[in-house]
Amino acid sequence: MKNRQPRLGLFCSTHDGILSTNRTIRLASLATDKVIEVATKNLEDFPKIIEFCYEKNITMFRLGNSIVPFASHQKFDKNVWEVLKPLFEVGKNSNKEKNIRLTIHPGQFIQLGSKNPKVVESSLAELRYCCDILDLLDAKDGVITLHLGGTNGDRKATMERFFEVFTKNIWLGKYLALENDEYNFTASETLEVANRCGIGMIFDIFHHSINQSEITWEEIKKSWKEKRPKVHISSQGDGKVGHHADFINEEEFLNLQKFLGDDFFEVDIMIEAKKKEEAIEKIQNLY
DNA sequence: CTGAGTCAAGCTCAA
DNA sequence: TTGAGCTTGACTCAG
């Protein structure tokens, strides 16, 4: 009888790069044919990755944000969606039984708390796209992972603007969750906004170790209500602070286990390590 | 085929 | 005021 395994997540692609949902193009080469070609490759790999995760006992997968490249860009040809529909259908069915939890993580340019209305508008377009992707794959417990963004010189005012944009776009609440970051908003501030919006807070223990605040697991857990909480872990790599390492430091992982207490086996843990599935396997071997 | 340079977007911080 | 760096991968083109 095998010991109980934690619920671990893989992001974007396999380490060897053979399977990927994150192929993209350059804006300069944006054309309908090209988008269809690249998105088709990404979507054809999706069922293979689901199978891969299932076999490796990986319970969560982060889709690449360029799974359909430039989908929220003004110049994007919306007819592409019609062409891709059958591929989404296949993808959806491939995960029907396996129930790998799906997530997506838009980039640092998504700033709902920005002072610039144009930035907010394009951020909403990108989040709408993320939502559509999860809908098309019927990701019932899907998560869009987002940071609060820059502080814009006044963190309280930025938090307030974020909340106001959220209340005007309630559809965001279906999948959105907020993650603490290593430079700007601490876990405690992030939780405060998540609670006001009534959405989950993703606790990143690595960011928390760099950008500290007072916080307990119990209060984070509450923000998820009936949903299964999701957390992130990565370790410091060589070079600059914040760089991800190839693997997860064993001691740090055990610290996360301690932090989560009795909930450890019930929480989804995204493993942000460059060696991806190899790093996951190393952790699985601990249990 | 390979390696170096570059890539939509915002924001922060150092110079 | 400007520009590198963020997180990191992956495209693109020169050679």
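So you know, we letter chains A, B, ... as the sequences are listed, proteins then strands, and number each from 1.
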Query - Any side-chain heavy-atom pair of A:V231 and A:W217 under 4.5 Å - result: yes
**Report entry** Heavy-atom donor-acceptor pair, A:N169 side chain to A:L172 backbone, under 3.5 Å
**Finding:** no
Report task. Whole angstrom is fine here: how far is it from OH in A:Y183 over to P in B:dC13? Result -> 10 Å
Requested in this report: Measure the distance from CG on A:N65 to C1' on B:dG10 and round it to the nearest whole Å.
Outcome: 15 Å
Query - Nearest-Å distance for atom pair NZ/C1', residues A:K275 and C:dT8 - result: 15 Å
Query raised in the report: Under 30°, 30 to 60°, or over 60°: which ring-plane class applies to A:F259 and A:F203, parallel, tilted or perpendicular?
Result: parallel
Query raised in the report: Is there a chain of hydrophobic side chains (I, L, V, M, F, W, Y, each step under 4.5 Å between heavy atoms) that links A:L124 to A:I110?
Result: yes
Query - Span that lies between the C1' atom of B:dG3 and that of C:dC6, in whole angstrom - result: 24 Å
Report task. Please state the C1' separation for the pair C:dC11 and B:dA8 - nearest whole angstrom. Result -> 14 Å
Query raised in the report: Would A:D45 and A:K41 pass as an ion pair if we require N to O under 4.0 Å?
Result: no
Query raised in the report: DNA chain C in dot-bracket, Watson-Crick or G-U pairs under 3.5 Å, [ ] crossing, | other strand?
Result: ||||||..|||||||
For nucleotides 11-15 of chain C, give me every protein contact, N/O to N/O, under 3.5 Å, one pair per line with atom names.
| unit_1 | atom_1 | unit_2 | atom_2 | d |
| --- | --- | --- | --- | --- |
| C:dC11 | O2 | A:R26 | NH1 | 3.0 |
| C:dT12 | OP1 | A:S29 | OG | 2.6 |

Query raised in the report: Which word best sums up how the rings of A:H207 and A:H147 line up, parallel for under 30°, tilted for 30 to 60°, or perpendicular for over 60°?
Result: tilted
Query raised in the report: Should A:R155 and A:T158 be marked as a side-chain hydrogen bond (donor to acceptor under 3.5 Å, both in side chains) after you check the CA-CA gap, both sets of side-chain angles, and the distance that decides it?
Result: CA-CA 5 Å; A:R155 44 217 308 132; A:T158 299; over 6 Å; no
**Report entry** Spatial distance of atom CD (A:E281) from atom NZ (A:K275) [nearest 0.5 Å]
**Finding:** 13.0 Å
Report task. Have a look at A:S20 and say if it touches a base, only the backbone sugar-phosphate, or nothing, with a 4.0 Å heavy-atom cut-off. Result -> sugar-phosphate
Requested in this report: Can you tell me the distance, in whole Å, between the CZ atom of A:F162 and the P atom of B:dG10?
Outcome: 17 Å
Query raised in the report: Roughly, in whole Å, what's the span from CZ in A:F206 to P in C:dC6?
Result: 12 Å
Query raised in the report: Charged N to carboxylate O under 4.0 angstrom, A:K222 versus A:E219?
Result: no
Report task. Please measure how far the P atom in B:dC7 lies from the corresponding atom in C:dG3, and state the result in whole Å. Result -> 15 Å
Query raised in the report: Is the backbone of A:D154 close enough, under 3.5 Å, to the side chain of A:N152 for a donor and an acceptor to pair up by distance?
Result: no
Query raised in the report: Rounded to the Å, how far apart are A:H105 NE2 and C:dG9 P?
Result: 14 Å
Query - Same-atom distance (C1') from C:dG9 to C:dG5, integer angstrom - result: 16 Å
Report task. Strictly below 4.0 Å, heavy-atom distances to any atom of DNA chain B: list the hits from residues 107-124 of chain A, or just say none. Result -> A:Q108, A:F109, A:Q111, A:S114, A:V119
Report task. Quickly, which of A:K230, A:R101, A:K227 forms a salt bridge (Lys or Arg N to Asp or Glu O under 4.0 Å) with A:D268? Name it, please. Result -> A:R101
Query raised in the report: Do A:S66 and A:N22 have a side chain donor and acceptor closer than 3.5 Å?
Result: yes
Query - Length of the line joining A:I67:CD1 and C:dA10:P, which is rounded to integer Å - result: 13 Å
**Report entry** Length of the NZ-C1' vector between A:K41 and C:dA10, whole Å
**Finding:** 12 Å
